[in-house]
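Following: one structure in structure tokens, then a few remarks.
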There are 2 protein chains.
Amino acid sequence: MSGRLQAELRQSKPFSSLEQETHLNLVRTCEHLEQGIEETLKPSGLSPSQYNVLRILRGAGEQGLACGEVAERMVTRDPDVTRLLDRLEQRGFISRTRENRDRRVITVRVTGEGLNLLRDLEQPMADIHRRQLGHLGEKKLEMLIQLLEEARAD
Amino acid sequence: MSGRLQAELRQSKPFSSLEQETHLNLVRTCEHLEQGIEETLKPSGLSPSQYNVLRILRGAGEQGLACGEVAERMVTRDPDVTRLLDRLEQRGFISRTRENRDRRVITVRVTGEGLNLLRDLEQPMADIHRRQLGHLGEKKLEMLIQLLEEARAD
DNA sequence: TGATATTAATCGAAGCAACGATATTTGACA
DNA sequence: TGTCAAATATCGTTGCTTCGATTAATATCA
């Protein structure tokens with residue numbers, strides 16, 4: 001068994017299976033990375049989910065997206081996108097307009113202010129990603145990606 | 001670039017760097033695994049953190065652990081362990097006793113009821129781990145563990 | 001000793017998340 | 001057409017998280 005996680009957990013026989021050890025390593029790594037992301041976003045008062053939504057909307061461009069489409073594209077699934085959007089709208093980063101074509105759907109768009117915020121975050125976010133994972137090098141990153149995609153394919 | 005995550009995100013140019021792609025793959029995979037864990041734990045009304053605490057305490061045995069030590073050993077860091085323990089104590093899965101040696105610390109122990117709960121969860125948890133990651137096989141799991149540990153070492 | 005700092009755990013308040021239930025609008029079809 | 005089902009987004013409630021402040025006990029050291 002690998003020693004690093006064992007040391008972190010301070011137990012002598014922490015794992016009952018290789019699958020479990022992998023799981024714990026994944027969760028730990030994720031936690032570690034998310035912590036860095038949160039710190040980078042904290043000055044602008046955005047949560048990772050909110051940042052994710054703004055980027056999704058920037059990707060969608062002028063035509064915007066329906067609420068449900070935003071929910072589908074989020075990295076982590078949010079059971080109540082409405083209130084997430086509420087907070088972004090209150091701060092002026094997105095706008096909502098009800099469609100006349102189908103009055104059930106509400107189209108969401110990122111505002112100019114939202115785009116400015118994203119622009120300001122671009123460099124810091126690139127930096128933190130690099131700092132956190134850059135030391136692995138291209139080859140290992142690709143291996144890791146490959147393994148993770150395979151892990152999700154069940 | 002790998003195709004799977006790109007399809008999930010439904011964007012044509014989602015990544016500005018390999019590090020970012022790795023990060024997103026990690027978060028997605030974690031999310032996916034945690035979802036399975038949550039479903040397995042739901043019948044007993046435990047959150048992953050609560051389950052984690054019970055296992056930590058079982059590992060510590062009769063002598064128990066101080067609150068702070070529990071917090072240190074958790075997989076995901078919780079800024080307020082007190083209330084997490086409150087809920088477990090209310091349900092009878094743990095007990096708390098103030099130490100006379102140093103009256104600042106409170107020792108936490110898992111109760112018999114807590115141990116029973118853990119025993120009942122053992123098989124379902126082993127099953128879900130196997131179902132989620134077993135298809136990778138021993139070799140790839142070890143590779144993944146190795147890469148994840150390396151990723152955290154920055 | 002007495003004053004200050006440190007450590008351990010808890011609590012108050014505010015905001016957030018999760019789960020269902022509820023409008024509102026549209027579609028399907030007898 | 002009228003009725004029922006489906007889709008879309010929102011809201012109500014309850015419980016959980018988080019942040020900082022607070023209490024209490026111990027350690028430090030002039």
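Chain naming here is simple, since letters A, B, ... match the order of the sequence lines and numbering starts at 1 in each. Atoms considered below: every heavy atom in the structure, side chains included; atoms not considered: hydrogens, waters and symmetry mates.
Nucleic acid contact class of B:D80 (heavy atoms, under 4.0 Å, all strands): base. Here A:R98 lies out of heavy-atom contact (under 4.0 Å) with every strand.
The closest donor-acceptor contact from the side chain of B:Q35 to the backbone of B:H32 lies at 3.5 Å or more, if one exists at all.
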Check against salt bridge (Lys or Arg N to Asp or Glu O under 4.0 Å), B:R119 and B:E113: CA-CA 10 Å; B:R119 179 173 37 67; B:E113 208 176 333; over 6 Å; no
From CA spacing to verdict: side-chain contact (heavy atoms from CB on, under 4.5 Å), B:M125, B:Y51: CA-CA 11 Å; B:M125 289 299 279; B:Y51 175 70; 3.4 Å; yes
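Once rounded to the nearest 0.5 Å, the distance linking CG of B:D102 with OG1 of B:T107 reads 9.5 Å.
Near DNA chain D, meaning a heavy atom under 4.0 Å away, the residues from residues 81-94 of chain A are A:T82, A:R83.
Atom pair A:I106:CD1 and D:dA9:P shows a separation of 7 Å (rounding to whole Å applied). Across the protein-nucleic acid pair, B:R104 atom CZ and C:dT6 atom C1' stand 8 Å apart, rounded to whole Å. When the P atom of D:dC16 is taken as reference, atom CG of B:L41 falls 15 Å away, rounded to whole Å. Distance A:E69 CD to D:dT8 P: 9 Å, rounded to the nearest Å. Atom C1' of nucleotide C:dT6 and atom CG of B:D102 are separated by 12 Å, given to the nearest angstrom. For the pair B:L46 CG and C:dA18 C1', the interatomic distance rounds to 17 Å; values are reported in whole Å.
For A:K42 and D:dT18, the shortest distance from a side-chain N or O to OP1 or OP2 is not below 4.0 Å.
Each of B:E150, B:E19, B:E149 was scored for a salt bridge (Lys or Arg N to Asp or Glu O under 4.0 Å) with A:K140, with one residue passing: B:E150.
Residues A:R77 and A:N100 both approach DNA chain C. Their nearest nucleotides, taken by heavy-atom distance, put A:R77 toward the 5′ side. If B:D78 and A:R96 are placed on DNA chain D by their nearest nucleotide, the residue sitting closer to the 5' end is A:R96.
Note on A:D80 versus A:R83: salt bridge recorded, some NZ/NE/NH1/NH2 to OD/OE distance being below 4.0 Å.
Distances were taken from every side-chain heavy atom of B:R103 (C-beta onward) to each of D:dA9, D:dA6, D:dT26; the shortest belongs to D:dT26.
By the side-chain contact (heavy atoms from CB on, under 4.5 Å) test, B:R77 pairs with A:E31, sequence neighbours left out.
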